[in-house]
Q: 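If you scroll down you'll find the structure; I have some questions about it.
Below, chain A is the first sequence line, B the second, and so on; all start at residue 1.
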Amino acid sequence: MFHSKTVEIGVGLFVALGLAALFMLAMKVSNLSAFSGGDGYQVTARFQNIGGLKERAPVTMSGVRVGRVKSIDFDDQSYQALVTLDIDSRWTRIPTDSTASIFTAGLLGEQYIALEAGGEEQFLAEGGELKLTQSALVLEQLVGQFLFSKAAEGPKAPEGSKGGEAAAPAR
Amino acid sequence: MIEVLRRLGRTGLQFFERLGRGHLFLGYVLLGVPEVLSRFRLLVAQVWSVGVLSLVIVLVSGVFVGMVLGLQGYNTLVDFNAEESLGVVVALSLVRELGPVVAALLFAGRAGSALTAEIGLMKATEQLAGMEMMAVDPLRRVVAPRFLAGLLSMPLLAAIFSAVGVLGGWFVGVGLLGVDDGAFWSQMQAKVDLHDDILNGVIKSVVFGIVVTWIAVFEGYDAVPTSEGVGRATTRTVVHSSLAVLGLDFVLTALMFNDI
């Protein structure tokens, strides 16, 4: 058997190492240091379509993370998605007429909310609402719109050229 | 035919008998746990033999598992020009799955088997019976400190495994393969959540610690008191606790991460 002091020191080192590893995982690996919610203020925004937006998605201004999505709910009165944003209390000068848009980070990346500052002199506070919103782009809708506009302009082009031809002799 | 049925019935009854005995045993051990806290030295000595002595194998395997993850992840991600996500891949797979599971498997092999053999030999050499003669409850004096030590050591070992693994992945990814250092850490911090990933990993490792140590001390206490019986009990400890860890991992993962 080892000397009991060695055992005690070894156990103490082991426990300290384990706690240090946990601490490192919490501080260095996870998002605890990046943004800790709770001390911010909450504002709401209504979107027609949130696409694949998830809770805890980042909220950015000029690409800088200023908060995160706290909760996503459905409002069955207006048939819109009601998104609650948790903005860090450091940023208190966001105008009330700012625009909230849902964008996608990269081609396959996660969706996030980008705020674009408006020109209002009043700033958002707890319980405020972002009135100007822009929904997420849904790929199927985009493709559908593209096809629709192609189909719409397809028959027109010959007609237009025909009209040109018809107009030419008249002139 | 009748003989087959009889054997089947006997096996079934034995299984349920062991299952019941195991749970009663766990109950008695848990009753003995508060007493261990008043005899702190017993606990410290057991944390030494269960936790500290498993440290080397956990450290070494953690580094290598992290390095392999870094290498494999890089080879796949580089095809998509997404090698900056290497940190996320390494950290999430370690913190969510590999840290608790591999550490528990190593723990079962390194500490669980030793616990079973130790307690089984105590039983075979009638030390446990001797303690009972002296009105010392072996469950409280021998088993409870070991159980508590395993329960406390396992989360620490899993955390050390994950942390060292992340460093191993960082070494391979950033040091050898040239992934950007800042992107490695910042992407990791952006994607790994304290509650959803790290805390759930810790919960997993606590559960695995309970199960592995429980199986180990029960197999030792329940071993047939011969050298062959102790040997079999040791084998059963490793096999059963590995199976239990892998099976429970699926259940816990399904419970924790089903909505993400």
Q: With a 6.0 Å cut-off (strictly less than), is the heavy-atom count around CZ of B/Phe64, excluding the residue itself, greater than 12?
A: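 Open: at most 12 neighbouring heavy atoms sit under 6.0 Å from CZ of B/Phe64.
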Q: Would one find more than 12 heavy atoms of other residues, nucleotides or ligands at under 6.0 Å from atom CD of A/Glu121?
A: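 For A/Glu121, atom CD is not crowded (no more than 12 foreign heavy atoms under 6.0 Å).
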Q: Is it the side chain or the backbone of A/Leu19 that comes within 4.5 Å of chain B heavy atoms, both, or neither?
A: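 Both parts, heavy atoms under 4.5 Å.
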Q: I'd like to know whether CD of B/Gln72 has more than 12 heavy-atom contacts from other residues, nucleotides or ligands below 6.0 angstrom.
A: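 12 or below, so no.
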Q: State, to 0.1 Å, how close A/Glu8 and B/Arg41 come at their nearest heavy-atom pair, and which atoms those are.
A: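 For A/Glu8 and B/Arg41, the tightest heavy-atom pair comes out as OE2-NH1, 2.9 Å.
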Q: What part of B/Val164 gets within 4.5 angstrom of chain A, counting heavy atoms only: side chain, backbone, both, or neither?
A: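 For B/Val164, there is no contact with chain A at all, as no heavy atom is under 4.5 Å.
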Q: Does anything in residues 155-163 of chain B get under 4.5 Å of chain A by heavy atoms, and if so which residues?
A: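 B/Leu156, B/Leu157, B/Ala159, B/Ile160, B/Ser162, B/Ala163, listed by number.
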Q: Could you look at B/Val44 and say if it's the side chain, the backbone, both or neither that has a heavy atom under 4.5 Å from chain A?
A: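 Both parts, heavy atoms under 4.5 Å.
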Q: Minimum heavy-atom separation for A/Val11 and B/Trp48, please, with both atom names.
A: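 Of all heavy-atom pairs spanning A/Val11 and B/Trp48, the closest is CG2-N, 3.5 Å.
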Q: Tell me, for B/Val47 versus chain A, whether the close heavy atoms (under 4.5 Å) come from the side chain, the backbone, both or neither.
A: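 Both parts, heavy atoms under 4.5 Å.
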Q: Considering non-hydrogen atoms only, spot the tightest contact between B/Ile198 and A/Leu25 and give its length.
A: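 Heavy-atom minimum between the residues: CD1-O, 3.0 Å.
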Q: How about A/Glu116: does its CD atom have over 12 heavy atoms from other parts shown lying under 6.0 Å from it?
A: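 12 or below, so no.
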Q: Measuring heavy-atom distances to chain A, does B/Leu92 have an atom under 4.5 Å in its side chain, in its backbone, in both, or in neither?
A: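 Answer is neither: B/Leu92 stays 4.5 Å or more from chain A.
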Q: Can you establish whether the number of heavy atoms outside A/Tyr41 located under 6.0 Å from its atom OH is more than 12?
A: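 Yes, because the 6.0 Å sphere around OH of A/Tyr41 holds more than 12 heavy atoms from other groups.
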Q: Can you confirm whether B/Gln127 is buried at CD, in the sense that more than 12 heavy atoms of other residues, nucleotides or ligands lie under 6.0 Å from that atom?
A: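 Enclosed.
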Q: If you count heavy atoms of other groups shown closer than 6.0 angstrom to CZ of A/Phe74, is the number above 12?
A: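 Buried by this count: over 12 neighbours within 6.0 Å.
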Q: When you look at CZ of B/Arg110, are more than 12 heavy atoms from neighbouring residues, nucleotides or ligands closer to it than 6.0 Å?
A: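 Yes, the 6.0 Å shell around CZ holds more than 12 heavy atoms from other groups.
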Q: Measure the spacing between CG of A/Leu17 and CG of B/Leu59 and express it to the nearest 0.5 Å.
A: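 Between atom CG of A/Leu17 and atom CG of B/Leu59 there are 6.5 Å.
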Q: Side chain, backbone, both or neither: which part of B/Ser153 has a non-hydrogen atom closer than 4.5 Å to chain A?
A: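 Both parts, backbone and side chain.
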